[in-house]
Student: 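Please see the structure below; I have some questions.
All values derive from a computational prediction rather than experimental measurement. Remember, it's 1-based here, ligands and their atoms both numbered in the order they're listed.
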Amino acid sequence: MWGVVRSTRLPGSSSSLVRVLFPRLLPPRLLPPRLLAPLLLRQPARQLAAKQVKGQKKGHQKVNADKQEVEIRKTMTVGDLARAMNKDTDHVFEALLNTAAELSSLEEEELLEERWIKEVVKRSGMKYRWARLTQDRERENKDATRRVLEPDRLQPRPPVVTIMGHVDHGKTSLLDALRRSQLVEQEAGGITQHIGAFLVGLPTGEQVTFLDTPGHAAFTSMRARGAHATDIIILVVAADDGVMNQTVESIQHAKKAQVPIIVAVNKCDKPQAEPERVARELLEHGVVGEEYGGHVQIIPVSARKGDNLLLLTEATVALAEVLELKADPSGPVEGVVIESRTDRGKGAVASVIVQQGTVRRGCVLVAGRSWAKVRFLFDEQGQALEGAGPSRAVQLVGWKDLPSAGEELLEVESEQRAREVVEWRSYKEDQAPPEGGPEGDPGETAGAPGSATSRRGRPMPTSAGARGRQRCTRANRQQAAMRPSEKTHKTQRSLPLILKGDVDGSVEAILSLLESYDAEDQCHMELVHFGVGEVSENDVRLAETFSGSIYGFNVSASKSILRLAEKKGVQIHLHTIIYKLVDDLKDELSSTLPPPWCHPTS
Ligand SMILES: Nc1nc2c(ncn2[C@@H]2O[C@H](COP(=O)(O)OP(=O)(O)OP(=O)(O)O)[C@@H](O)[C@H]2O)c(=O)[nH]1
């Protein structure tokens with residue numbers, strides 16, 4: 001989706017240099033003499049230097065002491081190593097020539113194997129020192145973890161349900177209809193707040209918590225996490241449209257997360273409705289309805305008319321009984337953050353689903369790298385609560401920083417302990433390998449700091465926020481590590497970016513989209529900073545320092561900020577439609593490329 005307009009590789013980019021330097025990709029006779037000569041010259045020089053060192057056995061100790069020391073870690077990219085050695089990345093590639101290292105696929109942001117890290121240092125006439133090992137030995141694990149549950153304390157709890165399905169099949173209408181039915185039932189005059197989830201009570205007294213996740217394709221990553229925080233998925237399929245792409249995608253999410261499905265065949269009020277056809281189409285995707293001998297309940301409904309909504313909720317409760325959902329309402333709180341935002345009056349506010357324990361005022365909680373001493377709890381009607389037990393969705397006020405959606409929530413014994421956990425996680429996150437590294441799918445990183453584990457022990461995908469933070473830290477580190485001359489004479493084209501959004505969920509969704517950017521070799525997208533809230537003076541200053549642009553989604557910028565930006569030559573792009581923002585960004589990335597007729601020759 002990112003295809004930047006011109007596809008010509010930029011001469012001089014590190015990847016093209018690798019190919020030039022790597023003889024297997026380009027036979028030596030094709031190498032331009034300008035590049036070949038220094039290579040041929042350097043090789044014997046290095047061998048000679050090695051021979052000289054061998055011959056000087058007596059002076060060996062002294063030579064070793066004189067060598068430049070490089071601090072190495074087990075996880076280092078080519079770029080990291082180059083910076084640690086105070087060299088450029090081409091030096092690292094060059095040092096790996098004539099070794100078995102896979103240079104053809106090696107890029108600046110790729111992790112190097114430990115043996116190649118050592119080899120590069122050795123071949124550069126330097127010596128290494130393990131940085132991380134000594135630090136790790138000194139640093140004890142201070143993280144907070146989930147507790148081991150005691151079976152005799154467990155009590156039945158309401159199910160947490162996510163509604164998924166194809167665009168326009170009626171997810172929002174169904175959620176609204178369910179929420180309305182609840183309001184009518186309670187006859188509550190309170191204002192319904194969007195807190196990412198709401199509780200529906202049945203006439204029989206049972207309750208269901210519905211996760212109110214956004215339905216658009218752009219929010220796929222959030223939905224994936226929704227599936228992990230949920231007990232049951234209601235799959236909405238329009239009776240007049242049948243099984244479509246995102247219906248299949250939702251089935252896959254459910255299967256991957258091992259969450260059972262109930263199918264709501266919506267729009268059954270329409271004359272074109274064919275619920276039987278939907279049931280047949282679902283068979284092809286392994287969703288077997290009861291009438292075909294399977295276990296999946298397929299219920300015809302109409303969100304518009306409110307038909308069969310009670311039946312749908314009852315089916316959900318019946319399935320929950322089969323699942324024997326239980327939790328311990330006592331003991332330390334555990335949960336998951338489903339939404340977070342900054343409120344003018346209340347400060348950082350997080351909507352969470354409680355999974356174990358009962359959250360109360362005064363509880364000290366950690367979520368990722370944020371912590372809170374709970375000052376207030378509110379339900380979706382804006383009513384203050386004394387406490388909220390398992391499966392309840394509540395808004396919590398009292399956070400020091402905004403936690404990210406999808407993050408695991410854990411109670412700790414004191415504020416001091418919370419600070420300790422957050423400090424430990426920040427340290428671990430800074431140490432973590434970059435996304436796309438050899439440690440597995442970045443979306444499925446288990447046990448990484450700030451990532452959550454579901455109640456069934458399934459790993460929750462790392463939030464786009466956590467990955468974005470890693471990216472930001474690296475971008476800032478790289479910028480900080482640059483010599484002043486390099487800051488002004490960077491050869492690789494790059495677009496430094498500052499991203500602001502109204503709520504955490506929208507920032508996460510945009511970060512997920514940015515992750516699919518695949519034209520790094522043409523223009524490097526450098527995420528300098530991202531966050532929730534209006535465009536601030538600090539954002540403009542950052543953009544000025546990095547010569548970058550600010551992109552805002554559903555946020556504004558005051559007149560004084562706009563004036564400051566104009567004065568500093570910083571561009572602010574404000575959007576209310578996510579795809580317009582992405583299109584605008586694509587245009588800006590394309591505009592950083594040179595016109596096709598003026599590629600530099602060296
Ligand atoms: N006739 C009929 N129309 C419905 C029903 N439910 C939803 N619609 C209509 O279908 C359209 C899409 O409904 P939404 O609830 O926005 O669908 P959605 O799946 O949430 O859409 P996205 O958020 O874009 O994925 C709207 O025009 C609704 O009025 C229904 O039960 N019957």
Student: For ligand 1, which is the ligand I care about here, please tell me if S173 has any N or O atom under 3.5 Å from one of the ligand's N or O atoms.
Tutor: yes
Student: With atom 24 (O) of ligand 1 as the reference point, say which of D269, V167, N266, V301 has the nearest heavy atom.
Tutor: V167
Student: Would you indicate which of H169, R304, M164, K267 comes nearest to atom 29 (O) of ligand 1 when only heavy atoms are counted?
Tutor: R304
Student: Would you say D241 and H166 are linked by a side-chain donor-acceptor pair, where the criterion is simply a distance under 3.5 Å?
Tutor: no
Student: Below 3.5 Å, N or O to N or O, backbone or side chain included: is there any such pair between L174 and ligand 1?
Tutor: no
Student: In this structure, are over 12 heavy atoms from other groups packed under 6.0 Å from D343 atom CG?
Tutor: yes
Student: Assess whether atom CD of Q272 is packed by more than 12 heavy atoms of other residues, nucleotides or ligands within 6.0 Å.
Tutor: yes
Student: Are D307 and S302 close enough that a side-chain donor and a side-chain acceptor fall under 3.5 Å?
Tutor: no
Student: Quick one: which ligand 1 atoms are inside 4.0 Å of a heavy atom on D168?
Tutor: 10 (O), 12 (C), 17 (O), 18 (P), 19 (O), 21 (O), 22 (P), 24 (O), 25 (O)
Student: Considering residues, nucleotides and ligands other than H285, do more than 12 of their heavy atoms fall under 6.0 Å from its NE2?
Tutor: yes
Student: For E588 and S549, which I'm curious about, is there any donor-acceptor pair between the side chains at under 3.5 Å?
Tutor: yes
Student: Looking at ligand 1, is there an atom of it that comes within less than 4.0 Å of some heavy atom belonging to H166?
Tutor: yes
Student: Show which atoms of ligand 1 fall inside a sub-4.0 Å distance from at least one heavy-atom site of K270.
Tutor: 1 (N)
